[in-house]
Amino acid sequence: MLGKAKKPLFLAGGGVNIAGANKAFTELVERTQIPVVTTIMGRGAIPTTHPLFIGNLGMHGAYASNMAVEECDLLFSIGTRFNDRITGKLHAFAPKATIVHIDIDTSSISRNIQVDIPIVADAKEAIEKLLEYVEPMEKKESWMEQIEGWKEEHPLRMKPKGDQMQAQDILETINEVFKEDDKIVVTDVGQHQMFTSQYLEVNEKTRLYMSGGLGTMGYGLGAALGAKSGREDKVVVNIAGDGCFRMNMNEIATATRYNIPIIQIVINNHVLGMVRQWQTLFYGKRYSNTVLDDAVDFVKISEGMGAKAYRVTTVEEFENALNDAIKLNIPCVIDAQIDQDDKVFPMVAPGAPISEAFDRDDLNKKQAESK
């Protein structure tokens, strides 16, 4: 089926990462020359800089990824449960595709999306077995050209705002500063999580952990402490929003008490960003309980618990603080100030097909037409 398909596509979920199947999966992709999309939990299943990696799919996925799922004739899925954040409208998901689904959990197969070929297996074992049979294939040039066209038409970029630091700037600086380092990046839940899943480069030197569909605000700091305790040889960074950091920022005291040198980055927009984004786009800007613009000072709080802390408002200040935190090798907190109305784009409206993703330009055009 992989050989006969004209528009084949791999979909890698978190199961590939959990099984430690990254190397085997990358070999399978390179042998078949089939492009790859991932869920956010599957990011890093193949290096994000790999030429056959398209991007994440779903509610905040790349436009090219969503369109590849829309147009593919064979969707070969490994280690994902097809939750609603990647499928959008269920009956409109991968409408032209025969779907193969490998998953270790029997109950996840055909629970949300009816698949054509179910295979209950550990991801790594299944991929290694596939490698015994798969012959080298030629790249489907016309299919890749179509995908590259989508990428050029709708690149995954935020719009520039002059000197105003954006979440994208923070992630790109992290990519550059830690380019040669073995690192573990953890996120909490919200806009910062989606920005990280879009822009963080993940490869054999980087592992990305998040709580996925559980939506556990406050998860990141505890997870970072655990990750650093287990892997002292790696740089460990937690990326949180200000709402998530408030959930259990007292654990900075745990970091200083036991001298666990994590780097806590707070992408601080003074609002509950993801909820505010929904209130802006779908609820008439009725901002109920999402504005956190008060007198709480994360720098003073962190210093009071014994950590080194920084407040930054520019990319240069952020980069300097990040480099300083690496050199100090003690618990550090970086309070990075961004605009409260930065939004995660592209976005798919709840209940819509993933092919109907829209970005800021689409939104501005729609608003202009309505006038």
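Counted by atom type alone, N66 and S355 present zero donor-acceptor pairs between their side chains at under 3.5 Å. Side-chain contact of Q264 with N238: a donor-acceptor pair under 3.5 Å is present, judged by distance alone. At a cut-off of 3.5 Å, with distance as the only test, no side-chain donor of Y310 or N320 sits close to an acceptor on the other residue. For the residue pair K343 and Q191, no side-chain donor N or O sits within less than 3.5 Å of a side-chain acceptor on the partner. Side chains of N17 and N22: a donor-acceptor N/O pair is present below 3.5 angstrom, by distance only.
Classification of E125 and K129 as a salt-bridged pair fails, no side-chain N sitting under 4.0 Å from a carboxylate O. Taking 4.0 Å as the cut-off between side-chain N and carboxylate O, R311 and D335 count as a salt-bridged pair. Salt-bridge formation is detected for the pair E180/K205: a Lys NZ or Arg NE/NH1/NH2 atom is positioned less than 4.0 Å from an Asp or Glu carboxylate oxygen. Classification of K124 and D122 as a salt-bridged pair fails, no side-chain N sitting under 4.0 Å from a carboxylate O. Note on D181 versus K234: no salt bridge recorded, every NZ/NE/NH1/NH2 to OD/OE distance being 4.0 Å or above.
Counting only residues at least two apart or in different chains, side chain to side chain donor-acceptor pair (under 3.5 Å) contacts with residues 280-290 comprise Q279-T290, T280-Y287.
Annotation for E303: atom CD counts as buried by contact number, over 12 foreign heavy atoms lying within 6.0 Å.
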Step by step, work out the ring-ring contact (aromatic ring centres under 6.0 Å, His included) result for F82 and F93.
CA-CA 10 Å; F82 289 113; F93 181 77; 5.7 Å; yes
